[in-house]
Amino acid sequence: MSRWICEGSLDLNQLLKETEDPASGALVIFSGTVRNEHEGEPVRAITYEAHVTLAERVLHEVEEEVLARFDVRQCRIQHRIGTLPLGELSVIVVVRAAHRAPAFEAARYAIDELKKRAPIWKEEHYETGESRYLEGFPLKMREES
Amino acid sequence: MSRWICEGSLDLNQLLKETEDPASGALVIFSGTVRNEHEGEPVRAITYEAHVTLAERVLHEVEEEVLARFDVRQCRIQHRIGTLPLGELSVIVVVRAAHRAPAFEAARYAIDELKKRAPIWKEEHYETGESRYLEGFPLKMREES
Amino acid sequence: MRVRVIFYGGLKNDVGAKEQELQFDRKTLTVAQLKEGLIARYPGLRLKLPSVVCAVGDEIVDEDHLIGDGDEVALLPPVSGG
Amino acid sequence: MRVRVIFYGGLKNDVGAKEQELQFDRKTLTVAQLKEGLIARYPGLRLKLPSVVCAVGDEIVDEDHLIGDGDEVALLPPVSGG
């Protein structure tokens, strides 16, 4: 279990404790959870795979970008890997800021960038017994800043 | 302790349990926390007062509006009253949706409307020993829909 | 007639009480007339009352709403929750 | 030269393995040349490799990056985390 990529359940309470900050008045959390259908097909679980070291670097970079671009004080991102049943948390973004507007914008930025840039892949397992990797976002050769 | 206005600590985990939903893939949480300064003055606590029955009705209305206006599946709003030390949660908004875009918009809408419409007042207690009610939003005579 | 007025937020500091039982020598009393009566008793409220809304029970009422004898009227100044 | 190739996401189903140790009869090998060699061995990859990016260690590398003998090259198809 690293700071960014976790094999066990994500622990929101622990992340909230680690980001406690008396100068922040706004807290925005985004979390992705495994839902029971995709384009009409009943889903029973999702397996997430990551290129772990590269994913850690990308999530760290996104955290740093968030702190640099938005008027926020804390940003943490964690993604789970392995096979997750319905309802389990696959990703958590925690942002704390003095005020709510930049906290919302920063959390949205963080999850949008994660989805485009983190080397993580989702394989859906359907009620039918079939599994499928989903279409995704092609990575960029070079990081754009 | 009611569904919307609470005298004791707000319980995020309980709200998450109450909104569990296998058809939702996105969870957005907003929370307000007591911060240690306001316009340069060190704050040591905040007292929140509500017109409880009217506030309950307004928060319930905002929840219903969120469910009607945005493509989201769950919306819960809780506000605490009483005197809160630094770092304590004063308000929680929980939104769950199939997808993240409407979940972010709905959570933002809910907290913005709460701030304009809920009959709740904040008295800041400063390190100096002084206290002050903050300027706020005048309520509307009639609800606009 | 008799009205119980409840002062929310900073208003209770201006009045020096959270609640007041007030007597009015009238047969009918609108919200606007109640506000005038309050300003006569508490001049410090003059600048604040224009942005104060009243509620009877848990209904916000207009300036021309007729207050009933024995009603409890909540005075709600601009709000600052969140 | 010898290259260890690691297939991420759906690519491992196309190849039938998560990792492959491959031999190339060359003195130098770019990422682009590695991709050509992979298509020769696994024709099913032809349509997919244009949107696949390669990483050596935890650095994403360009098509003209020179792969070293014994390098481990990760093939990263379009991503779908979150």
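Below, read A as the first sequence line, B as the second, and so on, with proteins coming before strands; counting in each chain starts at 1.
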Assert yes or no for the condition that the ring centre distance of B/His60 to B/Trp4 is strictly below 6.0 Å.
-> yes
Side chains of B/Arg96 and B/Thr19: donor-acceptor distance under 3.5 Å anywhere?
-> yes
Among B/Leu54, B/Ile111, B/Val52, B/Val91, which has the most heavy-atom pairs under 4.5 Å with chain C?
-> B/Leu54
Listed by residue number, which members of residues 33-49 of chain B have a heavy atom under 4.5 Å from any heavy atom of chain C?
-> B/Tyr48, B/Glu49
With a 4.5 angstrom heavy-atom cut-off, which part of B/Leu114 approaches chain C: side chain, backbone, both or neither?
-> side chain
Which atoms of C/Lys48 approach chain B - backbone, side chain, both or neither, heavy atom under 4.5 Å = neither
Taking NZ, NE, NH1 and NH2 as the nitrogens, is one of them in B/Arg69 or B/Glu105 under 4.0 Å from a carboxylate oxygen of the other?
-> no
Residues 71-82 of chain C vs chain B, non-hydrogen distance cutoff under 4.5 Å, contacting residues -> C/Ala74, C/Leu76, C/Pro77, C/Pro78, C/Val79, C/Ser80, C/Gly81, C/Gly82
With respect to chain B, which residue among C/Asp58, C/Val61, C/Val52 yields the maximal number of heavy-atom pairs within a distance under 4.5 Å?
-> C/Asp58
Value for CZ (B/Arg80) from OG (B/Ser9), rounded to nearest 0.5 Å, stands at 4.0 Å
Answer yes or no: does atom CD of B/Glu130 have more than 12 heavy-atom neighbours from other residues, nucleotides or ligands under 6.0 Å?
-> no
Closest contact, heavy atoms only, C/Val56 versus C/His65 = CG2-NE2, 4.1 Å
Decide whether a cation-pi geometry holds between C/Lys18 and C/Tyr8; the criteria are a distance under 6.0 Å from NZ or CZ to the six-membered ring centre and an angle within 45° of the ring axis.
-> yes
Residues C/Lys12 and C/Glu19 bridged, charged N to O under 4.0 Å | no
Check whether more than 12 heavy atoms from other residues, nucleotides or ligands sit under 6.0 Å from atom CG of C/Asp69, and answer yes or no.
-> yes
Side chains of B/Leu12 and B/Leu10 in contact at under 4.5 Å (non-hydrogen atoms) = no
Taking all non-hydrogen atoms of both residues into account, name the closest pair between B/Val28 and B/Ala107 and its distance.
-> CG1-CB, 3.7 Å
Which atoms of B/Thr53 approach chain C - backbone, side chain, both or neither, heavy atom under 4.5 Å = both
Quick check: are there more than 12 heavy atoms from other residues, nucleotides or ligands sitting under 6.0 Å from CZ of C/Arg41?
-> yes
Which atoms of B/Ala55 approach chain C - backbone, side chain, both or neither, heavy atom under 4.5 Å | neither
Tightest non-hydrogen contact, residues B/Cys6 and B/Ser2, listed as SG-O, 3.8 Å
Region of B/His51 in contact with chain C, defined by heavy-atom distances below 4.5 Å = both
Which atoms of B/Glu135 come close to chain C, meaning under 4.5 Å heavy atom to heavy atom: side chain ones, backbone ones, both, or neither?
-> backbone
